[in-house]
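Please read the structure below before turning to the comments.
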Amino acid sequence: MKRTHNCNELRPEHIGQTAILCGWVHSRRDLGGVIFIDVRDREGRTQTVFDPSDLTSDVFAQASGLRGESVVRVTGRVRARPEGTRNPKIPTGEVEVLARELEVLNLAEPLPFQIDEPEAAARVNEEMRLQYRYLDLRRPEMARNLRLRHKVATAARVYFDEQGFLEVETPLLFKSTPEGAREFIVPNRREPGTFYALPQSPQQFKQILMVAGVERYYQLARCFRDEDQRADRQLEFTQIDVEMSFVERADIYAMVEGLLKRLWKVALDLEIATPFPQISFAEAMDRFGIDKPDTRFGMELCDLTAEFRGSTFKVFSGAVASGGVVKALNAKGLADATQGQIETMTGIAKSFGAKGLAFIKVEGGEWKSPIVKFFTDANKAALQRLLAIEEGDLILFAADSWLNACEILGKIRLYAADVLKSTGRLSLPPDRFDFLWVIDFPLLSFDKENNRWYSSHHPFTAPVPEDLPLLRTDPRKVRGQHYDCVVNGVELGGGSIRIHRPEIQKTVFEDILQIPSDVARARFGYLLEAFQYGAPPHGGIALGFDRLLAILCGTPSIRDVIAFPKTAKGTCLMTQSPAAVDPKQLRELRLELKVPPKE
RNA sequence: GGGGGUGUAGCUCAAUCGGUUAGAGCGCUGCCCUGUCACGGCAGAGGUUACGGGUUCGAGCCCCGCCACUCCCGCCA
């Protein structure tokens with residue numbers, strides 16, 4: 001037998017038994033006469049004792065020559081630790097294994113970085129951790145993340161099974177659909193010059209599955225997007241992909257709320273409140289300046305357009321005169337913002353095309369600002385009332401088009417919150433989760449540069465039924481049946497009720513998005529055709545599984561919840577991918593490089 | 001594509017204004033140690049300061065370039 005117990009199993013009731021433990025040498029304490037070796041496996045650790053009076057000299061010599069993280073098999077008798085030497089820090093601390101035999105299964109070289117001391121190990125450069133990922137994953141935090149990921153995935157599958165969903169796998173070798181994210185393409189050896197593409201999401205397949213009568217589909221689906229990366233974005237990632245037939249928006253909300261309630265219970269033993277509040281896109285922008293608001297703190301945006309319509313301060317009145325708005329937010333307690341912080345905020349405003357950023361510092365009982373001299377007493381009273389101004393506050397203004405003003409202040413709101421957090425003046429409880437649905441997004445947005453409409457979400461999103469007549473007359477006003485699920489300012493996922501009638505889908509492709517009909521047919525013909533043979537009304541959602549895990553694990557980076565993530569440049573430091581391929585492989589594919597081949 | 005940050009011993013970091021032989025903790029090697037659990041003690045080895053140029057009497061430090069990692073903007077239907 002290779003082993004009889006794991007390293008988190010032995011208790012006083014095992015005393016007297018012979019145990020065989022296998023695992024890694026977590027730490028070795030050589031006292032000269034006696035050697036203690038903590039053997040660790042994924043369940044925990046157990047102290048083994050090597051006492052020369054009970055051992056052959058070569059076993060003792062072997063034990064004294066072990067290095068940390070070597071893999072061993074220890075056979076011995078379980079016994080109670082002597083009085084006063086018990087270790088209450090570990091569950092097996094009441095007992096120890098008096099070793100009789102030691103088998104060194106793999107002697108480890110000195111490690112490139114230490115993993116036995118959690119605080120030191122957590123600070124190791126990520127480059128090093130990624131190169132030696134197998135060592136990094138031995139750390140308890142990372143092992144916990146892997147285990148939690150498994151637990152959450154399993155809980156999701158159980159939930160979907162209970163709800164009558166089928167998990168259906170969809171192809172990874174798909175075809176290019178140039179709308180949306182840049183794709184990874186895969187050359188087809190059988191017909192040189194043609195290519196597969198890896199899916200950005202299984203969107204079209206899951207809709208086809210609805211036409212196929214599956215009714216309730218889900219998949220923990222791997223997706224690929226060849227875009228630049230972030231802490232919360234990888235080239236390949238996993239989404240909980242769902243589609244349902246014969247549903248309206250409320251059915252999707254209830255299904256997702258039930259799922260998240262289950263997952264939060266399983267992962268964190270927390271009861272989250274459902275149903276989630278719903279907020280329209282317009283209200284989210286108006287109050288928080290962003291379509292994924294973090295509602296755990298206030299500092300909401302305030303509209304002052306009416307107050308400054310006739311102001312002698314031309315920057316404000318001018319903005320109103322040209323159809324814009326004046327908005328402000330109160331960054332509570334930030335009157336002591338440094339020059340650099342003010343410059344950062346001004347930079348945010350300028351990045352949206354504003355000329356500058358007006359602000360008021362409330363210090364020493366007075367409003368310090370170059371623009372206060374333009375304010376009437378009525379202006380000041382309105383500010384005081386609407387923004388609840390107190391000593392130590394910092395008031396920031398944006399006078400611009402509605403969307404721009406909202407976005408500027410939305411960014412500044414988050415920046416101000418970060419500053420307040422880093423100085424300990426704003427703290428958010430780690431077990432607080434503000435879920436909400438953002439709804440009523442505009443179906444379409446207008447691209448000024450290319451003078452055309454494009455889908456805010458994707459071209460399969462159904463319009464809100466009562467807005468359907470506006471599609472040809474006033475596209476800007478058409479709301480989509482699209483919804484985003486947001487928690488603590490993070491977009492967890494989004495979806496929509498889809499178009500299931502071929503003539504409406506055709507109108508969106510050809511008349512609204514201006515995709516020529518032959519192109520639309522080449523790209524989406526099979527979908528339009530499928531819709532002609534009995535397509536049920538349907539809708540769905542996709543939740544970012546990695547982001548969800550990052551939130552549950554309390555880490556800012558999804559790399560911490562992915563076993564083998566890629567770097568910001570898309571490389572794998574452990575396997576050194578991507579790499580050059582053999583010229584023979586290129587010849588087979590009829591591909592020729594225009595850059596010198598890399599070694 | 002653009003902007004910011006980082007890069008010094010195996011790891012984590014220090015090195016005053018540009019000035020002597022680049023230091024510390026951990027790890028590693030050797031010796032001592034029979035109840036430790038981050039064991040302890042003594043001794044020792046270990047450096048192309050990411051890389052390539054430049055300025056200077058003198059560069060880890062300043063300048064130019066470049067590489068890697070990272071955060072952000074663009075991008076992510």
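All chains are named by letter (A, B, ...) in the order of the sequence lines, taking the proteins before the strands, and each is independently numbered beginning at 1.
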Looking only at N and O atoms, is any donor in the side chain of A/Asp228 or the base of B/rG74 less than 3.5 Å from an acceptor on the other one?
yes

Spacing of A/Asp54 atom CG relative to B/rG35 atom C1', expressed in whole Å
14 Å

Pairing partner (Watson-Crick or G-U wobble, both distances under 3.5 angstrom) of B/rC67
B/rG7

Any idea which of B/rC71, B/rC76, B/rA68 is nearest the A/Arg559 side chain?
B/rC71

Which is true for A/Ser455 with a 4.0 Å heavy-atom rule: it touches a base, it touches only sugar-phosphate, or it touches nothing?
sugar-phosphate

What distance, rounded to whole Å, do you find between the two C1' atoms, one in B/rU20 and one in B/rG60?
16 Å

Could you give the distance separating B/rU49 and B/rC32 at their C1' atoms, to the nearest angstrom?
36 Å

Touch check for A/Ala181, heavy atoms < 4.0 angstrom, all strands: base, sugar-phosphate only, or nothing?
sugar-phosphate

C1' atoms of B/rG27 and B/rG44, separation to the nearest Å
14 Å

First encountered from the 5' end of RNA chain B, between A/Thr567 and A/Gly68:
A/Gly68

Could you work out which one of B/rC37, B/rA38, B/rC75 sits closest to the side chain of A/Arg81?
B/rC37

Under 4.0 Å, heavy atoms only, any strand: does A/Gln229 hit a base, just the sugar-phosphate, or nothing?
nothing

Using the benzene-type ring in the case of Trp, are the ring centres of A/Phe205 and A/Phe174 under 6.0 Å apart?
yes

May I ask you to verify whether the side chain of A/Arg67 and the base of B/rU29 hold a donor-acceptor pair under 3.5 Å?
no

Counting side-chain heavy atoms from C-beta on, which of B/rU34, B/rC39, B/rC71 comes nearest to A/Ala568?
B/rC71

Identify whether any heavy atom of A/Arg523 sits under 4.0 Å from a base atom; if not, whether one sits that close to sugar-phosphate; answer base, sugar-phosphate or nothing.
nothing

Does the separation of the ring centres of A/Phe460 and A/Phe524 fall below 6.0 angstrom?
yes

Does the B/rG74 base have a donor-acceptor partner in the side chain of A/Arg182 within less than 3.5 Å?
no

Taking the nucleotide of RNA chain B with the closest heavy atom to each, which residue, A/Glu227 or A/Leu573, is nearer the 5' end?
A/Leu573

Roughly how many Å is it from CD in A/Glu109 to P in B/rG27, rounded to a whole number?
17 Å

B/rC69 base / A/Arg129 side chain donor-acceptor hit below 3.5 Å
no

Does A/Glu96 reach a base, just sugar-phosphate, or nothing at all? Heavy atoms under 4.0 Å.
base

To the nearest Å, how far apart are A/Ile35 CD1 and B/rU36 P?
16 Å

Can you tell me, in whole Å, how much space there is between the C1' of B/rG25 and that of B/rA9?
12 Å

Taking B/rU56 as the reference, what is the distance to B/rC75 when you measure between their C1' atoms (whole Å, please)?
45 Å

Which heavy atom of A/Asp560 sits nearest to which heavy atom of A/Arg129, and what is that distance?
OD1-NH2, 3.3 Å

Please give the distance between the P atoms of B/rA24 and B/rC62 as a whole number of Å.
25 Å

What is the nucleic acid contact for A/Asp116, judged by heavy atoms within less than 4.0 Å: base, sugar-phosphate only, or nothing?
nothing

Starting at CZ of A/Arg123 and ending at P of B/rU70, how long is that distance when rounded to a whole Å?
19 Å

Can you find a side chain N or O atom of A/Thr571 that sits less than 4.0 Å from OP1 or OP2 on B/rA68?
no

A/Arg233 side chain, from C-beta outward: closest of B/rA38, B/rC11, B/rC76
B/rC76

Atom CG of A/Leu111 and atom P of B/rU29 are separated, to the nearest Å, by 12 Å

Is any side-chain heavy atom of A/Leu135 less than 4.5 Å from a side-chain heavy atom of A/Glu69?
no

Sugar-phosphate only, base, or nothing, as touched by A/Pro112 at under 4.0 Å among non-hydrogen atoms
sugar-phosphate

B/rC11 to B/rA50 separation - P atoms, rounded to the nearest Å
13 Å

Rounded to whole Å, CD1 of A/Ile408 lies from P of B/rC73 at a distance of 16 Å

In terms of heavy-atom contacts, does CZ of A/Arg67 have more than 12 from other residues, nucleotides or ligands at under 6.0 Å?
yes

Identified pairing partner of B/rG23, criterion: Watson-Crick or G-U wobble below 3.5 Å:
B/rC13

For B/rC28, which nucleotide is its Watson-Crick or G-U wobble mate, given both distances must be under 3.5 Å?
B/rG44

Between B/rU12 and B/rG74, how far apart are the C1' atoms? Round to whole Å, please.
35 Å

Aromatic ring of A/Phe36 stacked on base six-ring of B/rU36, 5.5 Å, 30°
yes

To the nearest angstrom, how far is A/Gln47 atom CD from B/rC39 atom P?
11 Å

Hey, is A/Asp38 close enough to A/Arg45 for a salt bridge, meaning N to O under 4.0 Å?
yes

Find the distance A/Leu130:CG to B/rU70:P and express it as a whole number of Å.
7 Å

Does CZ belonging to A/Arg144 count more than 12 external heavy atoms closer than 6.0 Å?
yes

Per atom distances to the A/Arg29 side chain, the nearest of B/rC26, B/rC39, B/rC33 is B/rC39

Looking at B/rA38, I'd like to know if its phosphate oxygens (OP1 or OP2) sit under 4.0 Å from a side-chain N or O belonging to A/Lys89.
yes

Contact class for A/Glu126 (heavy atom, under 4.0 Å): base, sugar-phosphate, or nothing?
sugar-phosphate

Ring center gap for A/Phe441 and A/Phe281 short of 6.0 angstrom:
yes

Closest to the A/Arg230 side chain, choosing from B/rU12, B/rC37, B/rC75:
B/rC75

Calculate, to the nearest 0.5 Å, the distance between atoms OH and CD1 belonging to A/Tyr196 and A/Ile185 respectively.
13.0 Å

From B/rU12, B/rU29, B/rG1, pick the nucleotide closest to the side chain of A/Val124?
B/rU12

Nearest-neighbour nucleotide for the A/Glu127 side chain, B/rA68, B/rA38, B/rU70 considered
B/rA68

Nearest to the side chain of A/Ala231, heavy atoms from C-beta on, is which of B/rC72, B/rU34, B/rU36?
B/rC72

